[in-house]
Amino acid sequence: MASTSKVDLSGEDDDELERFDDFTLASSWERFISEIEAVCRQWLADGPNNLLEKGAVKLDFSQKLYKVKMELKYAMKSYNMEYYFETSSGGKIADGNSTLHDLQLCFGVKDFLVIAPQSASGVVLDSPEASKLLSAVAIALTNCSSLWPAFVPVHDPSRKAYIGIQNMGTVFTRRFEADRIGSQVPVRLMHLEGLYELFVSKFAYSTLDFAMHLCKVHFTMTSTYRTIHHDDDDLQSLGTEKEEHGDNHGNETRSRSQWDDDCPWSEWYSAEDPVKGLELTATWSEKTVESSLEMAELENASPHEAEKWMILPYLSPNLDSSEGNRIGFASQLRLLVDALNMSFDAQFMEDFVSAVENPGSDNLKSSMIVPPPTVLDRVFKDLFHEGSQVAAFAKGEHKISRAIKGAPFGSLFAQFCLHALWVGTCNIRAIAVLWIEFIREVRWCWEESQPLPKMQANGSIDLSTCLINQKLQMLAICIEKKCEMNEDFQDCVGSNDHTYDHMEEDSPVGDKTTNKQKHGDEFDGIQDSPLTKDGLHGSGTTTSRRSMKHGDILSTGLKSSDHNRRGSAGAVGSMKLLKSYQSMHAPFTQDAPLMTEDMHEERLQAVEAFGNSFSFSAQLEKDILSSDMSAFKAANPDSVFEDFIRWHSPGDWENDDNKESGPSKSPVTKGLKDDWPPHGRLSQRMSEQGNLWRKIWNDTPALPVYEQKPLIDPFREGEKILHYLETLRPHQLLEQMVCTSFRVSADTLNQTNFGGLKQMTTKMDQLYRTMASTLKPLQTNHVSGNSETIEDLRRLCVIFEHVEKLLTLASSLHRTFLQAPRLSETIFTDYYNFYLPRMGTGSTGSLEVDEKEFDVKYQVMTRERQCVSNMFTPPTANQSWRKVLSMGNLLNGHEPIVREIIFSVRDSLRNNHYAAHNPRGFQREIETYRMYICGTSNDLRVALSVTSCD
């Protein structure tokens, strides 16, 4: 087959008359030059705009640099010729810009060609081959009158070596050469003085004394500094110290080592600092140097003397990672949603704990870890024994937080939910174990009459919270009432003054369109003997909280006519009883019984079942009304039903002559007896035959409040609450836990100080609104396993994670640039716009977004330099790699990680005899020598360009 190919290639079958030799393309090398020329002419003709339309590729690190390439063959080898061009016309290349190509940095060029072999190394290892390639490209560019410089990579790839050539359009030609020292750099070349002498040696006539040799060399320098990260040995030493000193000392150690120790989430987890470090670039503008002594002085200059500072924040790669492996509230909430999805598989929480004993539960046993007893002890010590005081629930809550039906921030159930997120892997078994132990602790508080921690034991039940929180609040009230019923008489009398401070007014009982009392009525201050002797809490069957119908209590001496009066809180202004003309006294009354949401629903269902809502509502209020009537009769022995109506429901007393004494009138005098009794009557509804109120009045005995049966039985209600908690269905518990966990997790993050960034404030508002709408189905108990709501909750976790990442970044930037708020706001704004497409709210495609990195540099103002400088803390003693300093221009003990220097010498063409060939003449300077130096003490790269007259 090989011989056949030879026959075909030799063309022996062709007619001899068609065979001829074209001496215009005599060799393969000349044909190679012709191919290069044809490609270059095509690129020149197309121009940048057409090349973009034909598929020019944009480079990742630059916003305006593109390339096109063409494959060429010569001498059985394949080569790639690449043309790099910028879209913007004109302009000067700014050395030191990180968005430039390596060759642009080294040689100061703009558009250029690179020709390299198609090999694994991508470089030309043979010097004659490299020279031949470069010559072919140079001839082709000259033939098409192009001024593009051309480069060929040579030597080993690690050396980043190039040779190049450029036709300057006249008789001038510029040659390029770059190489790198990858091993130990000579000490002489670590300092500016030695680098200066290296450059001068390329053109100076004498190298005997560079210090005295005066050459006008243009010099610019850029030094890059980077903050130091914590060493691994520091973290290991911290861990050892924590083990030696125990938990408390470990927390102190942690406070010295963790960046977020004073952040609100630090109680639950330690977040990775999103700002991993800072890179500072200090640039000295162009100077003219005439001796190496000046270079020695520049090496001792402080970076603060540099004309320009630029910073590049290094952000954690986990910020824009979509793998979901970040530890935070969002990750734990995702696990809690999975537990909710599994909660529909059992009837009681105990079923998940005992599931390991049943056959086929190996998967449940292996994947769901139960917290050890030590962890449980720590959790319940925090819940029930430490910080048991009532928290300020409103603190830290967002304005939209109450729209989410969960336990308020800082309450007992809210803290339980937060602990549940971090116990074990937040699996259903761990939650079941934690809940069972939680109920045991709550029952112990009930049986031992101990106050329920982190719960308010006064006020009304907050129906905007979840049902479990309502039950716990009512249980706290029952425990308090239970304790008061067990107190002896002397203790109760001693606490009367304190009790009066917490007295509240009852809500109206009768007509809902009228007030129960006249606002502004005052007491004459008459108290009867039973109030002071028996006391407000004189009986074991009384309640601890009474509300008065009118203003404050004013204590006065007792009159002989008041010996039969009991349970009086004082006279009601100038109001008199209709029959006896004695002062009307307001009694102490019991508080209306508190009810949770499910109790209200039961009452509403009963009202709907009976049809006549008013009659049945009055029947439901019979106990409260009867208690008030008994107390009123005891405080006013000579009173009649009309007197009670005048006091309890003034709207049901129609006064004909408007001469009834009121709270705004002066005290009644003896002269008013002629007008007594006042002319008035009961309203129509109170005058009806068989009125329920009058029937209750007739059947009610006169009993002061301390002799009455309590309206609420704390023992019975407490046991009912415990029964509810113990028999709660798993999915009902998990639904309330999910709502509460999302709410308090967001409230915890909402306490973060991020400097008032507008974008972050807006994002938090959007998060709360999204949570309120997504969590609403959980409040109606219409959720089932693997339902659409479960998927919505998982999507909510993703949104929560995005906001949590941004909030962590905002907090870190705020504390990092506390004295330079402009920088923190600018960096966060740029990253927010960069990150927005990842949240699904941008128009950029996901593939393009994932390939980009956030690498924006920011200029530092003069007033902000000290703040940035303070971030470069002096290196510690254990950072051994920083002990030996070999370069100058130190910043707080930090030497530059990279130093870039450009030396150049310019020559005028005005008196050059070669310039006469140009009709217009050259009246400008040309850069005859240019050297770019980049490196550190262990790495040095030098790029030299020389312009000569050929």
Side-chain angles (χ1 to χ4, degrees), residues 333 335-358 361 364 368 370-371 404-407 411-421 423-443 446 461 463-475 595-602 604-605 717-744 774-794:
L333 289 172
L335 297 175
L336 184 62
V337 172
D338 293 339
L340 170 63
N341 193 31
M342 296 187 62
S343 64
F344 297 93
D345 299 338
Q347 295 293 322
F348 301 100
M349 294 301 293
E350 290 81 1
D351 297 339
F352 292 105
V353 179
S354 59
V356 294
E357 302 175 0
N358 300 329
S361 61
L364 185 68
M368 299 187 178
V370 175
I404 304 172
K405 199 172 182 64
S411 61
L412 181 60
F413 184 62
Q415 292 299 106
F416 168 81
C417 292
L418 286 176
H419 277 290
L421 290 177
V423 170
T425 57
C426 193
N427 59 76
I428 188 65
R429 280 191 64 214
I431 295 174
V433 171
L434 202 64
W435 177 251
I436 293 172
E437 292 297 325
F438 178 78
I439 298 303
R440 290 177 182 173
E441 291 290 338
V442 171
R443 177 168 284 281
W446 165 252
I461 303 297
L463 301 181
S464 67
T465 63
C466 64
L467 186 56
I468 292 179
N469 182 77
Q470 298 177 34
K471 294 291 186 182
L472 291 175
Q473 185 180 359
M474 190 166 183
L475 182 63
M595 289 185 292
T596 57
E597 183 179 16
D598 57 337
M599 298 169 66
H600 280 284
E601 292 178 355
E602 291 177 0
L604 291 176
Q605 292 174 1
E717 294 298 331
E719 289 296 337
K720 288 173 61 177
I721 293 171
L722 289 172
H723 176 74
Y724 165 81
L725 297 176
E726 292 170 344
T727 59
L728 190 62
R729 296 295 178 89
H731 71 91
Q732 294 176 341
L733 170 63
L734 267 296
E735 287 169 359
Q736 298 182 61
M737 285 185 64
V738 168
C739 291
T740 299
S741 297
F742 271 102
R743 173 176 172 173
V744 296
T774 307
L775 297 173
K776 186 170 292 185
L778 298 182
Q779 305 170 18
T780 57
N781 297 324
H782 292 160
V783 182
S784 59
N786 297 316
S787 65
E788 184 178 351
T789 303
I790 299 297
E791 294 303 319
D792 291 341
L793 292 174
R794 287 174 177 150

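All residue numbers in this chain count up from 1 along the given sequence.
For the atom pair CG (L340) and SG (C739), the distance works out to 9.0 Å, reported to the nearest 0.5 Å. Note that CG of N341 is 11.5 Å distant from CG of L336, once rounded to the nearest 0.5 Å. In this structure, K720 NZ and D598 CG are separated by 8.5 Å, a value rounded to the nearest 0.5 Å. Atoms CE and CG, on M599 and L467 in that order, are 11.0 Å from each other to the nearest 0.5 Å. Distance CG/L733 to CD1/I428: 7.5 Å, rounded to 0.5 Å. Here the straight-line distance linking atom CZ of F438 with atom CD1 of I431 works out to 13.5 Å at 0.5 Å rounding.
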### Message
Checking L728 against M349 for the side-chain contact (heavy atoms from CB on, under 4.5 Å) test, could you report, in this order, the C-alpha distance in whole Å, the side-chain angles of both residues, the deciding distance, and whether it holds?
### Response
CA-CA 8 Å; L728 190 62; M349 294 301 293; over 6 Å; no

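Look at E735 and K405 and you find no salt bridge, because none of the NZ, NE, NH1 or NH2 atoms lies under 4.0 Å from a carboxylate O. Using a 4.0 Å cut-off between charged nitrogen and carboxylate oxygen, R443 and E719 count as a salt-bridge pair.
No donor-acceptor pair under 3.5 Å is formed between the side chain of R429 and the backbone N or O of V370. Of the possible polar contacts, one joining the Q470 side chain to the T465 backbone as a donor-acceptor pair under 3.5 Å is found. Formation of a donor-acceptor pair under 3.5 Å by the S411 side chain with backbone atoms of A407 is not found in this model. Between the N469 side chain and the C466 main chain, no donor and acceptor come within less than 3.5 Å of each other.
Taking each heavy atom of H731 and S343 in turn, the nearest pair found is CA-OG, 3.3 Å. A pairwise comparison of heavy atoms in F413 and M737 identifies CZ-CG, 3.7 Å as the closest pair. For the pair T740 and A414, the tightest heavy-atom approach, listed with the atom from each and the gap, is CG2-CA, 3.8 Å. In plain terms, the two heavy atoms of M595 and L463 that are nearest each other are O-CD2, 3.9 Å. Taking all atoms of both residues into account, the shortest heavy-atom contact from P371 to A430 is CD-CB, 3.7 Å. Contact between F352 and A432 at its shortest, heavy atoms only, is CB-CB, 4.1 Å.
Annotation: side chain of L333 is in contact with side chain of L421 (closest heavy-atom distance under 4.5 Å). Residues F344 and L734 are not in side-chain contact: their nearest non-hydrogen atoms beyond the backbone lie 4.5 Å or more apart. In this structure the side chain of D338 reaches within 4.5 angstrom of the side chain of R794, judged on heavy atoms. Looking at V738 and F742, their side chains come closer than 4.5 Å, going by heavy atoms from C-beta outward. No side-chain heavy atom of L475 sits under 4.5 Å from any side-chain heavy atom of K471. The closest side-chain heavy-atom distance from L472 to I721 is not below 4.5 Å. Using a 4.5 Å heavy-atom threshold, the side chains of I790 and S787 count as touching. Side-chain contact between L793 and L778 is present, with at least one heavy-atom pair separated by less than 4.5 Å.
The side-chain contact (heavy atoms from CB on, under 4.5 Å) search around I439 returns W435, L725, E726, not counting sequence neighbours.
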